[in-house]
Every structure is written in C-alpha cells, then in structure tokens.
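Since this is a predicted model, take the numbers as computed values, not measurements.
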Amino acid sequence: MTMIEDDEKFLTNNQGVRINDDQNSLKVGARGPTLLEDFILREKITHFDHERIPERVVHARGSGAHGHFQVYKSLSHYTKARFLNDPTLKTPVFVRFSTVAGSRGSSDLARDVRGFAVKFYTDEGNFDLVGNNMPVFFIQDAMKFPDLIHAVKPEPHNEIPQAASAHTTFWDFISICPESMHTIMWLMSDRAIPRSLRMMEGFGVHTFKLINSEGKSFFVKFHWKPLLGVHSVLWEEAQMISGKDPDFHRRDLWEAIDSGAYPEWELGVQIVEEKDEFNFPFDLLDPTKIIPEEMVPVERIGKLTLNRNPDNFFAEVEQVAFHVGNIVPGIDFSDDPLLQGRLFSYLDTQLLRLGGPNFHELPINRPLAPVYNNQRDGLMRHTINKGKVSYGPNTLRGNYPREAHVGSERAFSSSRQQLSGDKIRDRSKSFFDHFSQATLFYQSQSEAEKNHLVNAFCFELGKVDVLSVRERMVKLLMRVDQRLAACVASELGIDSAKLTVGEELLNLSVPADADPHAYQPITPPALEGRLKTSAALSMANTIKSTIATRRVAFLIAEGVNERFVEAMKSNLSAAGAVVSIVAPRLGEIKGSGDKEIRADFSLLTTSSVLFDALYIPGGIQSAHRLAQDERAILFINEAFTHCKAIAADNEGVTLLMTSGVGDFLNSKKEGEIDPEKRKEFMEGVLMNTDIKEGEESSSAHHFIKLIMQHRFWKRENRT
Ligand code: HDD
C-alpha cells in the first residue's frame, strides 16, 4: 500500500475544512428535504458539474507519457539549440499520441492519422514538435483545414459515423482535392492502423529551419524512428479490436511503460543547405511532399525514451497544450503555408479549451526554464507577481526583466530572410504536382501492402452512397496507378474503361477568380524519371529483430503438459515477450503433472486479435477439452487468418488440426494445390509432433524467429 501523508488522511472540502460525513446531505430530519445551506453538498456537486472541458476539436482521443530526450553528439554545426548541442543533457519530454477524427471516447483502432506530439522541456524554453505518424498532410494551405475536418468528422445532421473516414462527406471533399492524393495513399495504407503507438514512425511533416551560432540556417525535416520497428494490424483485426478493447493502444503504451519496457525512438533529421532549396523536383515548402530518403538520408541524432506513465490523465494528457509556435533558439519555421496557419491555430484553440490565457501555468505545460515578463492577470492566474512594476522598459526596477542578447545571453531571434512580393491570395505553381509522390508511395509498397491499400479504398468508397463521388475517386486513382484504380473500380462495380480523367474534375475546387489552367496538376518528369520506389516507405523493410513486448497467448486447459508451458514461457519471456495464459475459465488450471497454472484470461474475456502470436502446448486432455470448445477453435482460426505466428507441440498439433488450419491442409486434394504454395501459406506455423517424455520443446528458438517477422502475409492468398 502507498504511504499516506498525515495531511492526506482526512477528507476536506476545497477550503480545507475537514468533513465528518460525505455520504449524506444536510436535511430536516432523516426523511426531510435537503437544506440549501449544505455548503458541502453544493461545493461537491458544483465541482462535479464542471468536470469536463471542451475536447480538442481534432486529436481528441489521446494517450500520453513522460520521458526524456538525449542527443548522441553535438549538432552545433547546424543548430545552437542547447538540447541538441550537449550529449550529456537529458531533456525531459511529455509525448501525446492521438487519433484525429474521433471524440475522446472513441476507439484507438480507427483508420486514421496518428498524432505524435512531443513537448521538450529544454533549459532554453519549451519546444513542441507537433507531428503525425505520416510525413505528409492532406492540404497545402491552412485555409482549407476547417473544411477538411468538417468533411471527415461525423456528418452534422446525424453525427454518424464516429471516428471513421469511410463516409460520403469525407470522400466528396477528397475527390475534388487532388492535393490530398499523396496523404490519402498513406491513410489507406496499413500505417493508419498501427499495431502499437510504440511501433509507429513520427514526422514533423513541415520543413523547419535549424540555425547555428553563426546565424547560418539549414532546412530540416524531423523524423522519429521506433526501435521496435514499424508494424500494423489488419483492417479486419482493427475493427474487431475496436469492439474487444477500444483502449488497445492506450493500454499497450501504459502496460509497456509500467513493466519497464520503455518505448524508444531515434530522432532523425534530413538536412538541406539553403543553397539547395530549389534543387528538388518538388517544393520544400509543400507539406504534401516528402524528401525521399534516397535523396537526403535521415541522420539519426538522438534518442527519445518514454519511462513514466502520467499520474493523472486529466491533469496531464488532457490539459497538455501543444503549439507549433513553441520553439527555442536555434530552431525556426519555414514559409510552408500550412505551418504558418498552424502558428495561429494552436494558441487560439487552447484559449477556449483551457479557459483563458494562463494555461502555460498548468503543471504539465509549465516550462522548466524560468518565466519572467510583464504579462499579468487573466483567468486562473497562478503566479503572484510582486511589486508595482509590470511594464518595460522601466527605471523603477532597473529595467528588469530586460531583453537578452542573442549570442551570449541565448535569446531567440528569427532567422534572417529577405522577402518581397505582391500581396496576393495564391498558391505557388511549384505545389501542383499532386500525383507523382502518391505513385511513388504506392509503387514502394510490398505486394501485401498494395493489396491492403486496395482493400482499404474498396471498404471506404464502398461506404460512400453517392455514385459520382466514387467515380471521381476512381478517376483520381487512375492518375496514381492504373492497376490500383482498376482493382478499386471493379470492386465498386464501376467500369473504369468508360472513365477519363477529365479536367473538369481537377477544376472543381478552384477559386472563382483563378485561372483554371494555373491549377492543373503538373507531373515533373524529374521525380518519376529518377526514383521509382523508396525503400523507407514500405513497412516490409522495417526492423524484424526483436520480439520485445510482443503478446503471446498460450492456449491451455486442464491436463496441459506444464513442462511445455514453463519451458516456452521462460524462453519467450527471456526474449522480452509478454506471455498470457488463456484457458476456458479463470483460476488455477491443473496440468497433467498436477502442477497448477494460473489463467490470465478466460476465453470469454479475451480474443485472438489482442495477441501477436499463439502457442498451443501438448497434453492429451487439454487438447481434447479445447477441441470441444468452439471459442478455442475460433481463437486458433483467427490467429491463422490474421497471419500470425503459431507454434504447437505434440497434442497441441492435434488440436491445431481440428481447427481451420487442419481444414486448410486437408481440404485440398494432393496435387490440387502446388506444394510450394502450400508451404508458403503455412509459413509461420510451427508444428512439433514428436517431443519425447522428459524432453522440452525445441521449438522456442524457431518460434521466436517467427514472431519477429510479425505477420506472414502470404497466408492471405490461400483462398
Ligand atoms: Fe493540428 C491538434 C498535428 C495541421 C490545428 N495537431 C494537433 C495535434 C497534433 C496535430 C499531433 C494534437 C496535439 C495534442 O496531442 O494535444 N496538425 C498536426 C499536423 C498537421 C496539422 C502534423 C499538419 C502538418 N492542425 C493543422 C492545421 C491546423 C491545425 C493546418 C489549423 C490551421 N491541430 C490544430 C488545433 C489542435 C490541433 C485545432 C486541436 C487541439 C489542439 O490543437 O491543441 O489547433
């Protein structure tokens, strides 16, 4: 039990008055009416009535954690930011991950972009890197943001659907917004359904600037690379997890940190010299473009570790206020028009959400660097500023606090930039190549990823109830990739041969006074010519060398061979996996040698979709009992269908053969299915039938290798 301090022992009201009865209101007689005088009741109820604050207009659903960031070696050549200069410094951070479209209570597994917002509490002030798990964004100008969000949020007449882009208004908007096409590829890819928040990449998206102590500036793109690799679940699983455990990602993050398996990411930078600004076949200021890693490699410069769960969700995760405008000396903005608009939006939204201008004083938002200025008062002011001087310059207080010098006193100053131009509402023509990076992304995917992407389009557009919207989307996809468009069209019952990519489509969202030709997308040959694929864009190329924190279910019943259970558990646990015993009921399960094994979950309280892999140990009785239990068979079938690693020993194999795995192996007559193909489909399934009495399963080592692979996508093609 936690130690309770003396002054925490007694219940008080908010004025510190100790309360002797917190169960009953003040009444006239035990059955009489309650008195208005009851200040204790009124205070308690009033506070409760005011517990909610407006949820974030986007990114309402989130989870957060504390940690620290440390740079590997000084980056002083590029930036004077102290936290990037001193490898001995551990900068505290708070990170909030989120989905975008759903409300606070929505499922973690929505198909959506994930927010990846990091607050660095540096000793030179707070730096917020408010990024996403996708490196590009839907729109190029902040002016369109409210429309994008209105389109994706539940439709306003009936507030349906929750946390889903699969509906008509979203695709209506997208179908006349060709600039969104690159991000749409990411959204329809498996990146939008991560296995874990700890297994996502993060991106600052915009091009930012780094400035060194000589005042020289560099363009920079920020990346977060997870040390556990980048992994996703299947869309069918995502939908099932949403029902079985809508807090799946939140729980996963919490449990990993709680168990000491601290999530880690490396911070990467792509640096571009100012002189090279125009040497790319796209515009560095365009947030719908990546800089392919083949063009500018990502330099890994430091590590982020999350090692502490919040103490209180509301005070920390809900009240944390990120702002792209929070930067420190040595970092600066570029002129990306999306970023420029964001610079207004974040401060503005916090004023409403957190109820006034003093939200920076909330503990989670308070910088570690001291704050001194002449800002005063306002709702919920915490600081008690002393003295009569609240202005500057002043003479009455020796002109303190005064401005600091940029060099020796480490003040912030904007990077120097020469600008001139007409005051116009316009967009640069260099932003109008909307398709070549969408194509690059699609072409860079593995076969399995491409299939998932096609399926995602079919699902999403299949939920659209206006035919012309579906057709417009197929037309746009034809510009990305003909095969992709044809597959989607066929599933939607559209004859793509009859469609042309008409100019009218691309002009639908052009402003009234614009020259429509100026808005025509362009495809510069340079990118197409040089780069057909980029390896970093496919998750198939991610790290597959660890099973740390992978969840493995052991399916057991009474009479299980406990030696198999113990041996496999100790091997997997030693490799960092999290083993859970799943049995028909909770409580102690007696093994064949009379040892008892405690079940972590019953077949009623868990499901295969909540695990990464499945082990079925031997034991005649256990296998027999489970073979009679259709929940156990469903568990196995789902693990197989979702392409997971499965290992079975001795009678465990017999059980496996009574499930769909056996059906698959037996149903096809010899010769009907190419043996090589059959082998491919069975990859990831490990069957060990002849372990002698007294021997341990020798399959652990092999099983670990399989779990590392995450999934065996070839199995999807078996039907
Ligand atoms: Fe935004 C929240 C990321 C474009 C306006 N945004 C928000 C969060 C993330 C992002 C991660 C959640 C922060 C948290 O956990 O509290 N947003 C992005 C990225 C964008 C982007 C990577 C494009 C590159 N956002 C964007 C635009 C605007 C906004 C163009 C408005 C012009 N975003 C907001 C907001 C939010 C927000 C309304 C809602 C809650 C909040 O700020 O604190 O201001």
Side-chain angles (χ1 to χ4, degrees), residues 111 136 138-139 148 151-152 164-193 234-236 288 432-510 516-517 519-525 527-529 532-533 537-538 713 716-717 719:
R111 174 176 292 285
V136 282
F138 299 88
I139 48 171
L148 166 73
V152 74
S165 52
H167 61 110
T168 308
T169 57
F170 177 68
W171 289 101
D172 181 36
F173 178 84
I174 295 298
S175 70
I176 50 176
C177 182
E179 74 205 58
S180 65
M181 224 21 64
H182 185 194
T183 303
I184 285 295
M185 289 296 134
W186 285 80
L187 185 68
M188 292 302 107
S189 81
D190 293 345
R191 301 274 183 154
I193 37 175
L234 272 172
W235 177 229
E236 186 187 78
T288 67
F432 287 163
D433 164 21
H434 303 318
F435 295 98
S436 51
Q437 287 208 350
T439 307
L440 176 70
F441 179 80
Y442 182 67
Q443 293 303 350
S444 304
Q445 303 300 294
S446 65
E447 271 315 299
E449 287 171 313
K450 278 184 184 160
N451 291 338
H452 296 168
L453 207 147
V454 168
N455 291 343
F457 270 113
C458 295
F459 178 92
E460 296 265 320
L461 296 175
K463 298 265 187 177
V464 168
D465 53 18
V466 176
L467 179 62
S468 57
V469 171
R470 291 187 193 159
E471 282 184 351
R472 280 204 298 272
M473 277 314 303
V474 173
K475 287 180 175 190
L476 285 180
L477 293 181
M478 285 163 73
R479 286 199 166 224
V480 177
D481 185 274
Q482 287 291 344
R483 178 186 160 253
L484 164 68
C487 291
V488 174
S490 138
E491 173 74 23
L492 296 175
I494 293 172
D495 184 356
S496 58
K498 289 197 182 133
L499 298 180
T500 51
V501 190
E503 303 223 330
E504 86 291 350
L505 163 63
L506 303 166
N507 286 338
L508 274 174
S509 65
V510 168
H517 294 291
Y519 271 72
Q520 281 301 306
I522 48 171
T523 308
L527 186 67
E528 279 205 327
K532 291 265 186 266
T533 60
L537 301 181
S538 166
W713 299 126
E716 286 185 293
N717 305 330
T719 49

J.: Can you check side-chain hydrogen bond (donor to acceptor under 3.5 Å, both in side chains) on Gln445 and Ser189, steps first, answer last?
T.: CA-CA 9 Å; Gln445 303 300 294; Ser189 81; 5.2 Å; no

J.: Using side-chain heavy atoms (C-beta onward) and a distance below 4.5 Å, is Met185 in contact with Phe457?
T.: yes

J.: Where do Ala166 and Lys463 come nearest, in terms of heavy atoms and distance?
T.: O-CB, 3.3 Å

J.: Would you say His434 and Glu179 make side-chain contact, with heavy atoms under 4.5 Å?
T.: yes

J.: Apply side chain to side chain contact (heavy atoms under 4.5 Å, CB included) to Thr168 and list each qualifying residue two or more places apart in sequence or on a separate chain.
T.: Glu155, Val464, Asp465, Val466

J.: Which atom names give the shortest non-hydrogen contact between Ala485 and Leu477, and what distance separates them?
T.: CB-C, 3.7 Å

J.: Keeping Asn451 on the side-chain end and Leu453 on the backbone end, is there a donor-acceptor pair under 3.5 Å?
T.: no

J.: Enter the distance from Met473:CE to Ile494:CD1 here, rounded to the nearest 0.5 Å.
T.: 10.5 Å

J.: Would you please name every residue forming a side chain to side chain contact (heavy atoms under 4.5 Å, CB included) with Glu447, sequence neighbours left out?
T.: Lys450, Arg483

J.: State whether the number of non-hydrogen atoms from other residues, nucleotides or ligands found under 6.0 Å of Glu491 atom CD is greater than 12.
T.: no

J.: Identify, with sequence neighbours excluded, every residue that meets salt bridge (charged side-chain N to carboxylate O under 4.0 Å, His left out) alongside Arg191.
T.: Glu201

J.: For Ala486 and Ser496, which heavy atoms make the closest approach, and how far apart are they?
T.: CA-OG, 4.1 Å

J.: What's the shortest heavy-atom distance between Ser444 and Ser538, and which atoms?
T.: O-CB, 3.2 Å

J.: Starting at SG of Cys458, measure out to CH2 of Trp235 and round the result to the nearest 0.5 Å.
T.: 13.5 Å

J.: Has Arg470 got a side-chain atom pairing as donor or acceptor with Leu461's backbone, closer than 3.5 angstrom?
T.: yes

J.: Can you name the salt bridge (charged side-chain N to carboxylate O under 4.0 Å, His left out) partners of Asp172, sequence neighbours left out?
T.: Arg472

J.: Gln437 and Thr288: side-chain donor and acceptor closer than 3.5 Å?
T.: no

J.: Go through the structure and list residues passing salt bridge (charged side-chain N to carboxylate O under 4.0 Å, His left out) with Asp495, not counting sequence neighbours.
T.: Lys498

J.: Applying the side chain to side chain contact (heavy atoms under 4.5 Å, CB included) criterion to His182, which one of Leu187, Val480, Val136, Thr439 satisfies it?
T.: Val136

J.: Can you tell me how far the CG atom of Leu484 sits from the CD atom of Gln443, to the nearest 0.5 Å?
T.: 9.5 Å

J.: Can you tell me how far the CG atom of Leu440 sits from the CG atom of Asp481, to the nearest 0.5 Å?
T.: 12.0 Å

J.: Rounded at 0.5 Å granularity, tell me how far NE2 in His452 sits from CH2 in Trp713.
T.: 5.0 Å

J.: Got a sec, which residues hit ring pair (Phe, Tyr, Trp, His ring centres under 6.0 Å) with Phe441, two or more places apart in sequence or on another chain?
T.: Trp186

J.: Once you round to the nearest 0.5 Å, how far does CE of Met181 lie from CG of Leu476?
T.: 4.5 Å

J.: Check Phe138 against Cys177 and note the closest heavy-atom contact, atom names and distance.
T.: O-SG, 4.4 Å

